[in-house]
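All remarks here apply to the structure that follows.
Reckoned from all heavy atoms, side chains included, excluding hydrogens, waters and symmetry mates. Chain A is the first sequence line, chain B the second, and so forth, proteins listed ahead of strands; every chain is numbered from 1. Everything numeric here is computed off the predicted structure, so don't read it as measured data.
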Number of protein chains: 2
Amino acid sequence: MDAYLQVGCEALADPTRFAIFGALRERPQAVGELATLFPVSRPAVSQHLRVLKNAGLVRDRKAGTRRIYAVDPEGVARLRRELDLLWSDALAAFKAAAEQWEEPHAV
Amino acid sequence: MDAYLQVGCEALADPTRFAIFGALRERPQAVGELATLFPVSRPAVSQHLRVLKNAGLVRDRKAGTRRIYAVDPEGVARLRRELDLLWSDALAAFKAAAEQWEEPHAV
DNA sequence: TCAGCTAGTAAGTAAAAACTTACGGTAAGT
DNA sequence: ACTTACCGTAAGTTTTTACTTACTAGCTGA
C-alpha cells in the first residue's frame, strides 16, 4: 500500500522527534540550537532530523558552518492529503457498516 | 503539549498495526479473523488492537465468544482535526518564515 | 456440567530504535 | 596554516517494542 503514510507516522511517533518538529514549526533553527531545547545530545537531534527529512517533513539549508532546518511545506501538504484520504475512507467504511454494528447478524 | 497526536501517530507507526487498521477500514472483524490475514500470532494482533483502541482509533464489541473490532469514527474524526491543526499551523509558520529561509537572521 | 470455541493477559525472548561517545570533515576567523 | 565552531556519521550500548508460547477466563451448544 502507500508506504508514505507509514514513514510519515513513524516520523512523528517518537516524542522527542515530535517535539523537534514542533520547535521547527515556530521558526527555522540550527541543529545545535535545537539540541539545547531537549535533554538529548546533538547527534541524537541530527539523527531525528534525518528521519524527519526522509519523511519529507523538514528540509535543510547550509548557512556557513551551521545547518538550518525548517518545515517542508510540500511534504507537510502531501502527508496531510494522504491522511485526509485515509480518514475519509475510514469514516466512509464506518457508515457503510453502521447497521452491522448494532445488529451483527449479517456477516 | 497535546499527547493525543503522539499516541495517534504511534498507533499507526508500526506496519502490522497500520495494516490491521487498514483491514478494519474495509469491514468490522473479529480478532481471529484478523490474525489469519497477517503473519503474526493471534495474541500479537490482540496487543496491536489494544494500542489502536488506546489511541481511540478502533472500538470493540462482544459478539458471543468473539470480539468484533471496528474503526471508531469519533476517535478518527478527532485525530483528523488535531492533525489538521498541526498541518495548518506548520504551513502558517512556514509562510511567516519564508523570507528568513533565503536570508536568515543571526542568533 | 462438560467440551469446544473464543480472546485477553503474563512472562519471556528477539528485534528494533533511541541514545551515547568518538571521530572526521567542512566552513569561517585570526 | 592554524584554530575554533558546527555538524554528520560510525560504533557500541541501553532501552523499547514487537513477538512468541503458555495460561486463564468467558460464552455457547451438546
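- Checked by atom type and distance alone, the side chain of B/Q6 pairs as donor or acceptor with a backbone atom of A/A13 at under 3.5 Å.
- Nearest-nucleotide positions on DNA chain C for B/P43 and A/V51 put B/P43 closer to the 5' end.
- Between the CZ atom of B/R61 and the P atom of C/dT6 there is a distance of 17 Å, given to the nearest Å.
- In this structure the side chain of B/D14 reaches within 4.5 angstrom of the side chain of B/H48, judged on heavy atoms.
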Between protein and nucleotides 11-16 of chain C, what N or O pairs are separated by less than 3.5 Å?
none

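- We find that CG of B/D60 is positioned 11 Å from P of C/dA7, with the value rounded to whole Å.
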| message | Can you build the contact string for nucleotides 25-30 of chain D? Use B for base contact, S for sugar-phosphate-only contact, and - for no protein heavy atom under 4.0 Å. | response | -BBS--
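- Taking all atoms of both residues into account, the shortest heavy-atom contact from B/A55 to B/Y4 is O-OH, 3.5 Å.
- The distance between atom CD1 of A/I20 and atom C1' of C/dA18, rounded to the nearest whole Å, is 11 Å.
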| Given A/E74 and A/R78, is the salt bridge (Lys or Arg N to Asp or Glu O under 4.0 Å) satisfied, shown in steps? | CA-CA 6 Å; A/E74 296 183 20; A/R78 174 173 177 181; over 6 Å; no
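- A/L83 is listed as a side-chain neighbour of A/L5, based on a closest heavy-atom distance under 4.5 Å.
- Remark: P of C/dA17 and CG of A/D14 are 11 Å apart, rounded to the nearest angstrom.
- Counting non-hydrogen atoms under 4.0 angstrom, A/R17 reaches the backbone sugars and phosphates but no base.
- Applying the 4.0 Å criterion to OP1 and OP2 of D/dC19, one finds that B/H48 has a side-chain N or O inside that range.
- Proximity note for B/A30 (side chain, C-beta onward) versus D/dT21, C/dA7, D/dG8: the nearest is C/dA7.
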